[in-house]
Amino acid sequence: MHNINYIRENPTEFDNSMKTRGEKPIAYKIINIDKEKREAQTVMQNLLAERNQLSKIIGKLKSEKKDTINEMAKVEDLKNNINTLKELETLKDDELKAILSRLPNIPDSSTPIGAYEEENVFYREWGNKPNFDFEPKLHFEIGENSNLMNFEIATKLSGPRFVILKGQLSKFERAIANFMLDKHTNLNGYLEIHVPYLVKSETLYGTGQLPKFSDDLFTAGDDHWLIPTAEVPLTSLCSNQILNVNQLPMRVTSYTPCFRSEAGAAGKDTRGMLRQHQFTKVELVSLVEPEQSSDELERMLNCAEGILKDLNLHYRVMTLCTGDMGFGAKKTYDIEVWLPGENKYREISSCSNCGDFQSRRMNTRYKKNDKNIYVHTLNGSGLAVGRTLIAILENYQTLDGNVKIPEVLKKYFDNQDTLF
RNA sequence: GGAGAGAUGGGUGAGUGGCUUAAACCACAGGUUUGCUAAACCUGCGAAGGAGGUAACUCUUUCCGAGGGUUCGAAUCCCUCUCUCUCCGCCA
């Protein structure tokens with residue numbers, strides 16, 4: 001949610017920001033509605049003050065057994081005006097909220113301006129593309145050939161975009177997640193949290209998925225929604241709270257399934273387990289003081305990159321341009337891992353600084369020098385477990401169709417050298 | 001799922017229609033004094049807004065779980081909902 005005072009004071013800058021995100025100019029309209037709201041409010045409050053005065057007088061007169069007909073008549077008049085103004089104020093406030101809640105965050109000054117994915121900017125890379133002396137297979141070829149990955153059964157049970165992992169592959173998924181969690185909790189200072197996978201619409205509003213993106217979500221009825229990412233419950237842990245400054249920075253992590261309807265992705269990535277309705281992810285979330293959020297984004301990116309380095313997987317980091325960035329983000333880095341089977345880089349993590357955009361929506365503040373300040377929130381994948389599994393299958397495959405186990409994962413996988 | 005009891009500031013907790021401008025205590029912050037691992041005393045201490053002023057500030061509205069209603073006036077009365085606790089039932 002945007003700070004109305006900022007829009008009031010910087011309408012041109014605000015519209016320019018929105019333009020880079022594909023929105024039309026709207027500051028003028030917002031300011032007008034806000035003005036109408038405040039005018040109604042001011043007049044109403046003056047009348048309320050008058051009513052309160054009169055009520056006190058009436059109380060006093062009654063206790064003295066005196067006549068109150070004049071005062072009662074005055075209050076009756078006031079009441080009608082108050083009700084009319086109250087309705088007007090509510091109307092204008094609803095209008096304002098409807099607009100503000102659907103506008104994306106203002107990009108950071110360091111976010112490159114652009115409309116499409118192609119305009120994302122290369123930030124850095126690590127490692128090299130591996131050399132194969134045979135034609136590397138795609139992850140689902142390796143999976144299906146070994147009979148450990150099955151899409152038909154999953155489709156029979158749940159429809160398209162689901163998968164079943166069996167035996168060693170199912171266990172391998174678990175090993176990858178455990179490795180990530182151990183690293184983030186033991187070395188990177190994140191506190192592991194077990195969160196609900198169903199949340200209320202109010203919670204999704206706080207992180208920005210609602211009201212605008214309900215089509216991307218699965219609902220379970222009764223105001224319960226399946227989480228599209230653990231970012232939603234983790235970021236919301238301290239909603240409607242005033243934290244003490246010494247609770248910051250707060251760093252939390254969670255390993256959860258994520259559920260996405262992939263409504264806009266019809267026909268895209270239909271083969272394999274790259275784009276599923278359900279996948280697992282280790283998520284990182286930080287709540288920090290405003291001055292620290294830029295540094296925290298770099299730190300978080302390093303935590304996510306560290307996993308890929310440990311796994312010796314080649315990747316590049318892209319800075320997303322304004323048009324490709326998510327709704328709540330001020331700045332986002334995508335980590336794209338190299339997939340030799342596909343001969344492509346593919347997103348495996350996305351780390352975003354949301355500034356105070358989410359904390360305003362969910363009302364998370366901290367107290368410093370007697371002031372209540374909105375925290376800055378950050379989230380990042382550390383990493384998407386399913387896609388990490390894909391990356392290992394494709395990068396560590398051998399000619400005979402087996403897969404070598406990366407050194408750091410062996411202790412999570414009964415010290416085996418190969419997948420099967 | 002059934003029955004009962006509750007929800008008041010950071011915490012405990014008083015408050016059954018106007019004398020509450022939400023008491024008191026604890027915690028916290030600042031200060032004074034005594035003098036030493038502390039005590040006593042004083043002061044301050046919830047949130048979100050609006051109007052005025054260059055400003056320190058002043059005035060004012062709303063908020064006692066949430067939303068409606070009654071009333072000149074609601075923490076207090078009425079209705080709906082949510083959550084918590086206790087007991088019973090069911091259950092991994």
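Every chain is numbered from 1 and lettered A, B, ... according to where its sequence line falls, protein lines coming before strand lines.
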Review point. Nearest nucleotide by nearest heavy atom, which residue falls closer to the 5' end of RNA chain B, A/Lys60 or A/Arg38?
Key: A/Lys60
Review point. Which part of the nucleic acid does A/Gln41 contact within heavy-atom distance under 4.0 Å: base, sugar-phosphate only, or nothing?
Key: sugar-phosphate
Check your understanding: Does A/Arg361 make a cation-pi contact with A/Tyr205, if we ask for NZ or CZ under 6.0 Å from the ring centre and within 45° of the axis?
Key -> yes
Practice item. Would you kindly check if the NZ (Lys) or CZ (Arg) of A/Lys171 is within the cone defined by 45 degrees around the ring axis of A/Phe413 and under 6.0 Å from the six-membered ring centre? Key: yes
Check your understanding: CZ of A/Arg361 versus C1' of B/rA48: gap in Å, rounded?
Key -> 19 Å
Check your understanding: Can you find a pair of side-chain heavy atoms, one from A/Leu313 and one from A/Ile392, that are under 4.5 Å apart?
Key -> yes
Listed pairs, N/O of protein and of nucleotides 72-77 of chain B, under 3.5 Å:
| residue | atom | partner | partner atom | Å |
| --- | --- | --- | --- | --- |
| B/rC72 | O2' | A/Ser55 | OG | 3.0 |
| B/rG73 | O4' | A/Ser55 | OG | 3.1 |

Check your understanding: Checking ring-ring contact (aromatic ring centres under 6.0 Å, His included) for the pair A/His277/A/Phe218: CA distance, chi angles, key distance, verdict?
Key -> CA-CA 9 Å; A/His277 286 315; A/Phe218 285 113; 5.4 Å; yes
Practice item. Could you measure between the two C1' atoms, the one in B/rG6 and the one in B/rC81, and give it in whole Å? Key: 16 Å
Review point. Taking the side chain of A/Leu48 as heavy atoms from C-beta outward, which of B/rU61, B/rA47, B/rG50 is closest to it?
Key: B/rU61
Exercise for review: Take A/Arg365 and A/Asn46, find for each the nucleotide of RNA chain B with the closest heavy atom, and name the residue whose nucleotide sits nearer the 5' end.
Suggested key: A/Arg365
Review point. Phosphate oxygens OP1/OP2 of B/rA47: is one of them under 4.0 Å from a side-chain N or O of A/Asn372?
Key: yes
**Study point:** Distance, nearest 0.5 Å, that separates CG of A/Leu78 from CG of A/Asn83
**Key:** 11.0 Å
Review point. After noting the C-alpha distance and the side-chain angles of A/Asp417 and A/Lys404, does the key distance pass the salt bridge (charged side-chain N to carboxylate O under 4.0 Å, His left out) rule?
Key: CA-CA 6 Å; A/Asp417 294 325; A/Lys404 285 184 282 184; over 6 Å; no
Practice item. Round to a whole Å and report the spacing from CD of A/Glu89 to P of B/rA48. Key: 17 Å
What donor-acceptor contacts under 3.5 angstrom involve side-chain atoms of residues 239-250 of chain A, with partners at least two apart or in another chain?
| residue | atom | partner | partner atom | Å |
| --- | --- | --- | --- | --- |
| A/Ser239 | OG | A/Ser236 | O | 3.1 |
| A/Asn244 | OD1 | A/Asn246 | N | 3.2 |
| A/Gln247 | OE1 | A/Asn244 | N | 2.8 |

Exercise for review: Send over the distance from A/Asp93 CG to B/rA48 C1', rounded to a whole Å.
Suggested key: 12 Å
Practice item. Write down the distance separating the P atoms in B/rC78 and B/rU16, rounded off to the nearest Å. Key: 14 Å
Exercise for review: Quickly work out the A/Lys35 NZ to B/rG50 P distance and round it to whole Å.
Suggested key: 15 Å
**Study point:** Distance in angstrom units between A/Lys368 NZ and B/rA29 P, rounded
**Key:** 17 Å
Check your understanding: For atom P, what is the distance between B/rU76 and B/rG9, given to the nearest Å?
Key -> 15 Å
Practice item. Could you give the distance separating B/rU54 and B/rA39 at their C1' atoms, to the nearest angstrom? Key: 47 Å
Check your understanding: Are A/Lys367 and B/rA47 close enough that a side-chain N or O sits under 4.0 Å from OP1 or OP2?
Key -> yes
**Study point:** Which atom of A/Leu100 lies closest to which atom of A/Ile4, heavy atoms considered
**Key:** CD1-CD1, 4.5 Å
Check your understanding: Roughly, in whole Å, what's the span from CG in A/Leu47 to P in B/rU62?
Key -> 12 Å
Exercise for review: For atom CD of A/Gln53, decide whether the heavy atoms of other residues, nucleotides or ligands shown that lie under 6.0 angstrom number more than 12.
Suggested key: no
Exercise for review: For B/rU61 and B/rC28, measure between their C1' atoms and round to the nearest Å.
Suggested key: 29 Å
Study note, to complete from the structure: Base-paired stretches in RNA chain B with three or more consecutive Watson-Crick or G-U pairs, both distances under 3.5 Å, amount to B:1-7 with B:82-88, B:10-12 with B:24-26, B:28-34 with B:38-44, B:46-52 with B:57-63, B:65-69 with B:77-81
Exercise for review: Please check if any side-chain donor atom of A/Tyr255 sits under 3.5 Å from a side-chain acceptor atom of A/Glu192, or the reverse.
Suggested key: no
**Study point:** C1' gap between B/rG50 and B/rG65, integer Å
**Key:** 26 Å
Point to revise | Separation of B/rC45 C1' from A/Lys371 NZ (nearest whole Å) | key: 16 Å
**Study point:** Rounded C1' spacing from B/rA14 to B/rC64 in Å
**Key:** 13 Å
Exercise for review: Might you confirm whether atom OH of A/Tyr28 has over 12 heavy atoms from other residues, nucleotides or ligands at distances under 6.0 Å?
Suggested key: no
Check your understanding: Rounding to a whole Å, what distance do you find between A/Asn240:CG and B/rC83:P?
Key -> 16 Å
Practice item. Take atom C1' in B/rG44 and the same atom in B/rA27, then report the distance between them in whole Å. Key: 14 Å
